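This report refers to the structure that appears directly beneath it.
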Amino acid sequence: MKLGRDFYTRADTLLVARELLGKLLVVPQGGARVAGRVAETEAYVGTEDRASHAFGGRRTARTETMYARGGVAYVYLVYGMHHQFNVVTGPEGSPQAVLVRALEPAEGVVYMRRRRPVRDERALASGPGKLCQALGIDRSFNGEDLTGPRVWLEDDGFAVAPSEVASGPRVGVAYAGEHALLPWRFWLRGSAFVSRK
DNA sequence: TATAAGATTTACT
DNA sequence: GTAAATCTTATAT
């Protein structure tokens with residue numbers, strides 16, 4: 001079933017990041033379901049996190065979405081060419097989000113392959129930019145309500161035991177100093193679909 | 001105004 | 001392993 005507002009608005013973003021593992025990210029298109037199981041996430045926590053776009057309370061046209069209430073999509077462009085899909089968490093005015101970094105293709109794989117002609121299924125969505133290309137997520141999804149009909153996360157009963165969740169430092173945030181070392185990246189232990197080997 | 005660097009991926013050496 | 005592609009934002013002229 002589709003995750004409701006209450007899942008996202010909780011205060012503990014790290015908990016949301018952990019619990020998103022194993023859920024399905026669904027983007028219906030062409031009358032079909034296109035979905036992947038979340039294999040890797042990263043938490044970006046509020047104004048104190050030097051790695052976060054909202055560090056120090058920064059507020060720009062791009063980061064405005066991070067300040068929305070939990071349960072909306074934060075989609076932006078990095079390096080001028082790759083989209084990143086995030087889930088906003090916490091209450092309105094609290095800029096926190098969880099970056100979805102990797103998916104295991106689950107439904108509508110043919111639609112994903114149409115946009116990403118790769119041989120190995122493991123390369124379809126094993127990275128934050130890759131999964132956006134595979135699912136057709138672009139900036140038009142920024143601010144989209146995750147309890148609405150265009151994109152959402154759902155629980156299909158797939159259980160993830162605590163021992164199956166691994167954690168470690170986040171990727172690509174070396175500029176964040178000591179905050180770059182915090183174990184705020186989570187992934188399914190042993191999954192072949194995470195972004196790094 | 002100009003420049004540098006980034007929550008990355010891919011192709012080529 | 002290194003480099004290129006190229007939009008947004010921050011900081012320096």
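Nothing here was measured: the structure is a model prediction, and the numbers come from that model. A, B, ... follow the sequence lines: proteins, then strands. Residue 1 opens every chain.
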Show the nearest heavy-atom pair for residues [X] and [Y], with the distance to one decimal.
| X | Y | value |
| --- | --- | --- |
| A/V38 | A/L103 | CA-CD2, 3.7 Å |
| A/A102 | A/S195 | CB-N, 4.0 Å |
| A/E107 | A/M112 | O-CE, 3.6 Å |
| A/V118 | A/R113 | O-NH1, 2.6 Å |
| A/P169 | A/R185 | O-CD, 3.4 Å |
| A/D49 | A/R170 | OD2-NH1, 2.7 Å |

Between A/R150 and A/E144 (salt bridge meaning N to carboxylate O under 4.0 Å), is one present in this structure?
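Salt bridge: yes.
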Are A/D12 and A/R10 within salt-bridge range, i.e. N to O under 4.0 Å?
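No.
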Please work out if A/E42 contacts a base, only the sugar-phosphate, or nothing of the nucleic acid, heavy-atom cut-off 4.0 Å.
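Since no nucleic acid heavy atom lies under 4.0 Å of A/E42, the category is nothing.
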Using whole Å, what does the distance between atom [atom2] of nucleotide [N] and atom [atom1] of [X] come to?
| X | N | atom1 | atom2 | answer |
| --- | --- | --- | --- | --- |
| A/L131 | B/dT8 | CG | P | 12 Å |
| A/R50 | B/dA5 | CZ | C1' | 15 Å |
| A/Q84 | B/dG6 | CD | C1' | 10 Å |
| A/N86 | B/dG6 | CG | C1' | 14 Å |
| A/F85 | B/dT8 | CZ | P | 16 Å |

Output every pair passing ring pair (Phe, Tyr, Trp, His ring centres under 6.0 Å) with a member in residues 33-64 of chain A, not counting sequence neighbours, ordered by first then second residue.
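Residue pairs passing ring pair (Phe, Tyr, Trp, His ring centres under 6.0 Å), neighbours aside: A/H53-A/Y76.
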Protein and nucleotides 10-13 of chain B: nitrogen or oxygen contacts under 3.5 angstrom:
unit_1, atom_1, unit_2, atom_2, d
B/dT10, OP1, A/R116, NH1, 2.7
B/dT10, OP1, A/R116, NH2, 3.1

Tell me who clusters with A/L24, hydrophobic residues only, linked when side chains sit under 4.5 Å apart either directly or through other members.
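Hydrophobic cluster check, A/L24: joined to A/V26, A/W152.
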Please, which pairs that meet side-chain hydrogen bond (donor to acceptor under 3.5 Å, both in side chains) have at least one residue in residues 158-168 of chain A, sequence neighbours excluded?
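Every pair satisfying side-chain hydrogen bond (donor to acceptor under 3.5 Å, both in side chains) with a residue in residues 158-168 of chain A: there are none.
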For nucleotides 7-9 of chain C, tabulate all protein N/O to nucleotide N/O atom pairs closer than 3.5 Å, reporting atom names and distance.
unit_1, atom_1, unit_2, atom_2, d
C/dC7, O4', A/G80, O, 3.4
C/dT8, OP1, A/R139, NH1, 2.9
C/dT9, OP1, A/T60, OG1, 3.4
C/dT9, OP1, A/R62, N, 2.8

Find the runs of at least 3 consecutive base pairs, i with j, i+1 with j-1 and so on, that include DNA chain C, using Watson-Crick or G-U wobble geometry with both distances under 3.5 Å.
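DNA chain C forms these stems: B:1-6 with C:7-12, B:8-12 with C:1-5.
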